[in-house]
Amino acid sequence: MHRSRIAGFTLIELMVVVVIIAILASIAVPAYTGSVRKSRRTEAKTALADLASREERYFATQNLYSASPTALQYGTGSWPVAVGTYYSISSVTVTQAAASATTTTPGTYVLQITPSAGSPQISDTACQTFQLDQTGKQTSLDSGGADSTATCWP
């Protein structure tokens with residue numbers, strides 16, 4: 001009588017599979033996390049575009065820009081104002097129009113948005129701050145304060 005051999009995996013074969021899965025996971029998880037962070041930046045850009053349109057609408061009716069969340073219909077209070085799950089408007093800097101005997105300088109604004117406290121976007125060090133001004137100029141700063149506009153506003 002011949003005994004049939006029981007078919008199955010050896011421990012070595014199982015460990016090779018575990019190592020392969022670990023290598024693939026170590027590549028895939030950071031790539032996925034980076035893609036998620038990048039896609040969430042859209043929330044910041046959309047919020048800035050909305051805030052800029054509110055500023056322009058206010059300017060059209062009042063002939064000046066406003067730094068007040070209430071005037072821009074963001075409720076009462078002061079900045080920062082949460083605009084979604086991941087970002088908050090951190091500041092609105094307004095310079096009002098100046099007139100002299102010969103010229104009138106129009107007012108200006110700079111809108112700034114940063115990750116909300118406790119948001120996973122805080123760890124997005126490449127694109128920590130987004131800014132937009134009245135001319136439509138888009139800028140971004142990394143966590144060290146260096147210009148990262150080319151990366152964050154493609």
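FYI, side chains are in, hydrogens and waters are out, and symmetry mates aren't considered; it's all heavy atoms of this structure.
Other residues, nucleotides and ligands contribute more than 12 heavy atoms inside 6.0 Å of the NZ atom of Lys45.
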Distance-only criterion, 3.5 Å: show the donor-acceptor pairs between side-chain atoms of residues 18-25 and protein atoms not counting sequence neighbours.
none

Worked check of side chain to side chain contact (heavy atoms under 4.5 Å, CB included) between Ile89 and Leu51: CA-CA 9 Å; Ile89 300 168; Leu51 180 56; 3.8 Å; yes
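Note that OG1 of Thr114 and OH of Tyr87 are 9.0 Å apart. Values are rounded to the nearest 0.5 Å. The structure places OG of Ser88 at 10.5 Å from CH2 of Trp79, a figure rounded to the nearest 0.5 Å.
Asp142 pairs by the salt bridge (Lys or Arg N to Asp or Glu O under 4.0 Å) definition with nothing, not counting sequence neighbours. For Ser90, the side-chain hydrogen bond (donor to acceptor under 3.5 Å, both in side chains) partners are Gln112, not counting sequence neighbours. Residues satisfying the side-chain hydrogen bond (donor to acceptor under 3.5 Å, both in side chains) test with Glu56, not counting sequence neighbours, are Tyr65, Tyr109. With sequence neighbours excluded, the residues forming a side-chain contact (heavy atoms from CB on, under 4.5 Å) with Ser123 are Arg37, listed by chain and number. Residues forming a side-chain hydrogen bond (donor to acceptor under 3.5 Å, both in side chains) with Gln134 (at least two apart in sequence, or on another chain): none. Every side-chain hydrogen bond (donor to acceptor under 3.5 Å, both in side chains) that Thr135 has, sequence neighbours left out, goes to Asp133. Shown here are the salt bridge (Lys or Arg N to Asp or Glu O under 4.0 Å) partners of Arg54, two or more places apart in sequence or in another chain: Asp50.
For residues 106-126, the set of pairs meeting the salt bridge (Lys or Arg N to Asp or Glu O under 4.0 Å) definition, not counting sequence neighbours, comprises Arg41-Asp124. Judged as a salt bridge (Lys or Arg N to Asp or Glu O under 4.0 Å), not a single pair has a partner in residues 70-85 (not counting sequence neighbours). The list of ring pair (Phe, Tyr, Trp, His ring centres under 6.0 Å) pairs with a residue in residues 112-154, not counting sequence neighbours, reads Phe130-Trp153.
Side-chain contact check for Lys38 versus Cys152: every heavy-atom pair is 4.5 Å or farther apart. Counting heavy atoms from C-beta outward, Leu111 and Glu55 have side chains that approach closer than 4.5 Å.
Within the hydrophobic cluster formed by Ile, Leu, Val, Met, Phe, Trp and Tyr side chains joined at under 4.5 Å, directly or through other members, Ile122 stands alone, with no partner residue.
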